[in-house]
J.: 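Below is the structure I would like to discuss, written out as structure tokens.
Every chain is numbered from 1, with letters handed out A, B, ... down the list of sequences.
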Amino acid sequence: MKKQKYSFSKNERIKSNKEISRIFNNGIFLFTKNISLVYLCSKDTDQKINQIAVSVPKKKFKSAVKRNKIKRQIKEAYRLNKSIIYDYSDKNSIWFKMIFIYKSKSIPTYKTIYSEIIELLKKMRDRH
RNA sequence: GCAGUCGGUUGUUCUGUCGCUGUCCCGAACUUGCUUCGGGAGAGAGGAAAGUCCGGACAACACAGAGCAUUACACUUCCUAACGGGAAGACACUCGUGAGGGUAUAGUAACGAAGAAGAAAAUAACCGUCCCGAACUUGUUUCGGGAUAAGGGUGAGAAGGUGAGGUAAGAGCUCACCGGUGCCGAGGGUGACUUUGGCAGCCGUUCGUCUUGUAAGUUGUAAUCUCGUGUAUAUCGGCGUUUGAGAGCUGCUCGCACAAUGCCGAGGGGUUGAGAGCUAAAGUUGCAAUGUGAAUUGUAACGAAGAUAAAUGACAGAACCCCGAAUUUGCUUCGGGGACAGAAUCCGGCUUACAGACCGACUGCUUUU
RNA sequence: GGCCCCGUAGUUCAACGGACAGAACAGCAGUUUCCUAAACUGUAGAUACAGGUUCGAUUCCUGUCGGGGUCA
């Protein structure tokens, strides 16, 4: 399981509406300048996977092209940096469910997203 | 050469690394399943995919039948599965020096409306002009009765226009020319219509109602069907009992048709998943023929996204194009940029957004020959 | 994704196609009061944007933009 370091497959995403609302109600919020992160952690679940979802509000970006681009860039940044979290999870068997929300109104560069994702993941890891 | 009009085509390319979603093949694991994991091959957004403005396909429900209402469209001939779309024309108005662009065009038999302004908005006498009578203040006077659409501050629109005759003053009252309408004929055109000859009458504008013709049942792929989970009381059928007039069917009417409750049987609300629907289609491209053209016919090749918290990407480098600067005038160097925009059942249109590049036809101005 | 609805003062609503676009509350100024409130008087402020039809458009038509609802 999870031998491929940089993969990002379908079951690593959160799909059900119930889970998302549960995370928003009970989750812990972390912030950087442009992105905020909501997450829940759980021990000893059956599925040993970290799951994420990405959200870009339609009110701030009207064009679907721009919204999709930001989503893809966030996913890409997570894909390349998820070893930060997986190393920790494997040791302690704590699994996370995360939602990334893009807050800013301006279109970001890939580099800022990349560095902010790393920052968020490290923050989250250090709290446990 | 510069500026423009119309129509059409196109909508950056390549390499490397790491990924995503289907399809097919191979291997491994076991719970033998369209299961999971690993590897390989090959495929993966647009001209508008957008807006959801029209028209269909497809699906479910409704529908004995008739009438009315409502909505949309409305010159002609065609194209099309269909359309409120398109093509080629006709005619009028309008914008432009021009190539061209925009808008309108069924019928007028009947009825209604036109604020403010103006005498008057259609059976036009307020002022004015002219005639007759009376009065006394004898006047470019006043009063009364008539004739008259030539003139008049308005208005989007004022009773065909110009000239001459005519008259008390005037008037299509008469005549000439011109505009428009109707009827009868001749030539051209498939047709709208047009050219032309004669006759008639003397002819307002806009909008609405109305009339005529054509079309429209309703809802939409979250339709609809199947499976799993699951078990309230909608609905339907049968039998029994009770009651008698307002609940339903397409917006209304005629018409059709029946309600309440008990038992039995079928069935299934809500929640949350999976599969089908789902992509081969009024298909795309090339060539040929027919046609002014939209398009049609024949023939050959291709087989080409199918996601569902949303795949089709990210990063780096190079090429190509554009802009700016530098100057060794070499497409040399440096810097910046490459639009609008992302399938969600599928087609045909329309509308809107768009950096540029290319092709064809034509117009105006300028220069040269 | 499909199908609907709505955009009028700061807010909540009006307005046959006819012109100064109306009302209430809120705002500002004044009167009254020792001061405030209440009351009274006055005043400013708007048709989402762009075209078209019309003599004339908030109203009718078309297209953009914005906001909202609904479905299994």
J.: Have a look at B:U279 and give me syn or anti from its glycosidic angle (syn if within 90° of zero).
T.: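 Base orientation: syn.
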J.: Over how many whole Å does the gap from A:N68 atom CG to B:G313 atom C1' extend?
T.: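 About 11 Å, once rounded to whole Å.
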J.: Give me the distance, rounded to whole Å, that separates C:U59 from B:C54 when you measure between the C1' atoms they each carry.
T.: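 After rounding to an integer number of Å, I get 26 Å for this pair.
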J.: Is B:A135 paired to anything, Watson-Crick or G-U wobble with both distances less than 3.5 Å, and if yes, which nucleotide?
T.: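 Partner of B:A135: B:U141.
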J.: Taking atom C1' of B:A341 as reference, at what distance in whole Å does atom CD1 of A:I70 sit?
T.: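 Going from A:I70 (CD1) to B:A341 (C1'), I get 15 Å.
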J.: Check the chi torsion on C:G7 and let me know: syn if it falls within 90° of 0, anti if not.
T.: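 You should classify C:G7 as anti.
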J.: Rounded to the nearest Å, what distance is computed from the CD1 atom of residue A:I113 to the C1' atom of nucleotide B:G313?
T.: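 Rounded to whole Å, this separation is 13 Å.
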J.: Would you name the heavy atoms of A:K75 and A:V54 that are closest together and state the gap between them?
T.: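 Between these two residues, the closest heavy atoms are CG-CG2, 4.1 Å.
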J.: Let me know the distance between NZ of A:K75 and C1' of B:G313, rounded to the nearest Å.
T.: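 It is 10 Å, rounded to the nearest whole Å.
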J.: Which nucleotide in the list B:G19, B:G342, B:A314 gets nearest to the side chain of A:R79?
T.: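 From the listed options, B:G19 comes nearest.
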J.: Could you state the CZ-C1' distance from A:R67 to B:A50, rounded to the nearest angstrom?
T.: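 Distance check: A:R67 CZ to B:A50 C1' gives 13 Å.
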J.: Could you state the NZ-P distance from A:K71 to B:C20, rounded to the nearest angstrom?
T.: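 To the nearest whole Å, that distance equals 18 Å.
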J.: Taking a pair as Watson-Crick or G-U wobble with both distances under 3.5 Å, which nucleotide is matched to B:U352?
T.: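 Its partner: none found.
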J.: Write down the partner of B:A311 under the Watson-Crick or G-U wobble criteria, each distance required to be under 3.5 Å.
T.: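 Looking at the geometry, B:A311 pairs with no nucleotide.
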J.: State the pairing partner of C:U43; accept Watson-Crick or G-U wobble contacts with both distances under 3.5 Å, and report none otherwise.
T.: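 Partner of C:U43: C:G27.
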J.: Between B:A222 and B:C256, how far apart are the two C1' atoms, rounded to whole Å?
T.: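 To the nearest whole Å, 36 Å.
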J.: When the C1' atoms of B:C227 and B:G277 are considered, how many whole Å apart are they?
T.: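 It works out to 15 Å between them.
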J.: Do you know the tightest heavy-atom contact between A:I117 and A:I35?
T.: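 For A:I117 versus A:I35, the nearest heavy atoms are CD1-CD1, 4.2 Å.
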J.: Rounding to an integer number of Å, can you tell me how far A:Y110 OH sits from B:U17 C1'?
T.: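 For the pair A:Y110 OH and B:U17 C1', the rounded distance is 12 Å.
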J.: For atom P, what is the distance between C:C20 and C:A14, given to the nearest Å?
T.: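 Comparing P positions in C:C20 and C:A14 gives a spacing of 24 Å.
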J.: Which nucleotide, in any strand shown, forms a Watson-Crick or G-U wobble pair with B:A158, with both distances under 3.5 Å?
T.: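 B:A158 is unpaired by these criteria.
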J.: Measuring only the P atom in each nucleotide, how far is B:A314 from B:G46? A whole number of Å is fine.
T.: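 Rounded to whole Å, the distance is 16 Å.
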J.: Mind checking the CD1-CZ spacing from A:I70 to A:F100? Nearest 0.5 Å is all I need.
T.: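 One finds 15.0 Å between CD1 of A:I70 and CZ of A:F100.
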J.: Among B:A314, B:C18, B:A311, which nucleotide sits nearest the side chain of A:L80?
T.: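 Closest of the options to the side chain of A:L80: B:C18.
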J.: According to the Watson-Crick and G-U wobble definitions, with both distances under 3.5 Å, which nucleotide is paired to B:A186?
T.: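 Looking at the geometry, B:A186 pairs with B:U195.
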J.: Report which part of the nucleic acid A:A53 touches: base, sugar-phosphate, or nothing (heavy-atom distance under 4.0 Å, all strands).
T.: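 A:A53: no heavy atom of the nucleic acid under 4.0 Å.
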J.: How far apart are the closest heavy atoms of A:T109 and A:T112, and which atoms are they?
T.: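 Distance-wise, the nearest heavy atoms are O-OG1, 2.8 Å.
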J.: Can you label the angle between the A:F29 ring and the A:F31 ring as parallel, tilted or perpendicular, going by 30° and 60°?
T.: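 It falls in the parallel class, under 30°.
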J.: Run the side chain to side chain contact (heavy atoms under 4.5 Å, CB included) test on A:R72 and A:E76 for me, step by step, so that the C-alpha distance in whole Å, both residues' side-chain angles and the decisive distance to 0.1 Å come before the verdict.
T.: CA-CA 6 Å; A:R72 281 165 183 163; A:E76 188 74 11; over 6 Å; no
J.: Once you apply the 3.5 Å cut-off to both distances, tell me the Watson-Crick or G-U wobble partner of B:C256, or none.
T.: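 Pair assignment: B:C256 / B:G248.
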J.: Does B:G96 have a Watson-Crick or wobble partner in any strand here, with both distances under 3.5 angstrom, and which is it?
T.: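 Check on B:G96: unpaired, no WC or wobble geometry under 3.5 Å.
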J.: Would B:G172 be called syn or anti here, given the cut-off of 90° from 0?
T.: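 B:G172: syn glycosidic orientation.
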J.: How far, in whole Å, is B:A343 from B:G306 if one measures between their C1' atoms?
T.: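 Roughly 9 Å separates the two C1' atoms.
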J.: Anti or syn, where syn is a glycosidic angle within 90° of 0; which label fits B:A319?
T.: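 For B:A319, whose glycosidic angle is more than 90° from 0, the conformation is anti.
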J.: Would you kindly compare A:K111 and A:A64 by the position of their nearest RNA chain B nucleotide and give the one closer to the 5′ end?
T.: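 Looking at RNA chain B, the more 5' nearest nucleotide goes with A:K111.
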J.: Nearest whole Å is fine: how far is B:G313 P from A:K66 NZ?
T.: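 Atom NZ in A:K66 sits about 18 Å away from atom P in B:G313.
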J.: If you measure from the P atom in B:A88 to the same atom in B:G7, how many Å do you get, rounded?
T.: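 Nearest-Å result for B:A88 against B:G7 at atom P: 10 Å.
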J.: Rounded to the nearest 0.5 Å, what separation is found between the CD1 atom of A:I74 and the OH atom of A:Y114?
T.: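 It is 14.5 Å, given to the nearest 0.5 Å.
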J.: Could you check A:K69 against A:I52 and say which one's nearest nucleotide on RNA chain B is further toward the 5' end?
T.: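 Comparing both residues, the 5'-ward one is A:I52.
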J.: If you measure from CG on A:L30 to CD on A:E119, what distance do you get to the nearest 0.5 Å?
T.: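 So the gap between those two atoms works out to 10.0 Å.
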J.: When you check the phosphate oxygens OP1 and OP2 of B:U312, does a side-chain N or O of A:R72 lie under 4.0 Å from one of them?
T.: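 Indeed, a polar side-chain atom of A:R72 lies that close.
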J.: Could you measure between the two C1' atoms, the one in B:A192 and the one in B:U77, and give it in whole Å?
T.: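 Nearest-Å result for B:A192 against B:U77 at atom C1': 8 Å.
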J.: Taking syn as any angle within 90 degrees of 0 and anti as the rest, which one fits B:G220?
T.: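 Here the answer is anti: the torsion falls beyond 90° from 0.
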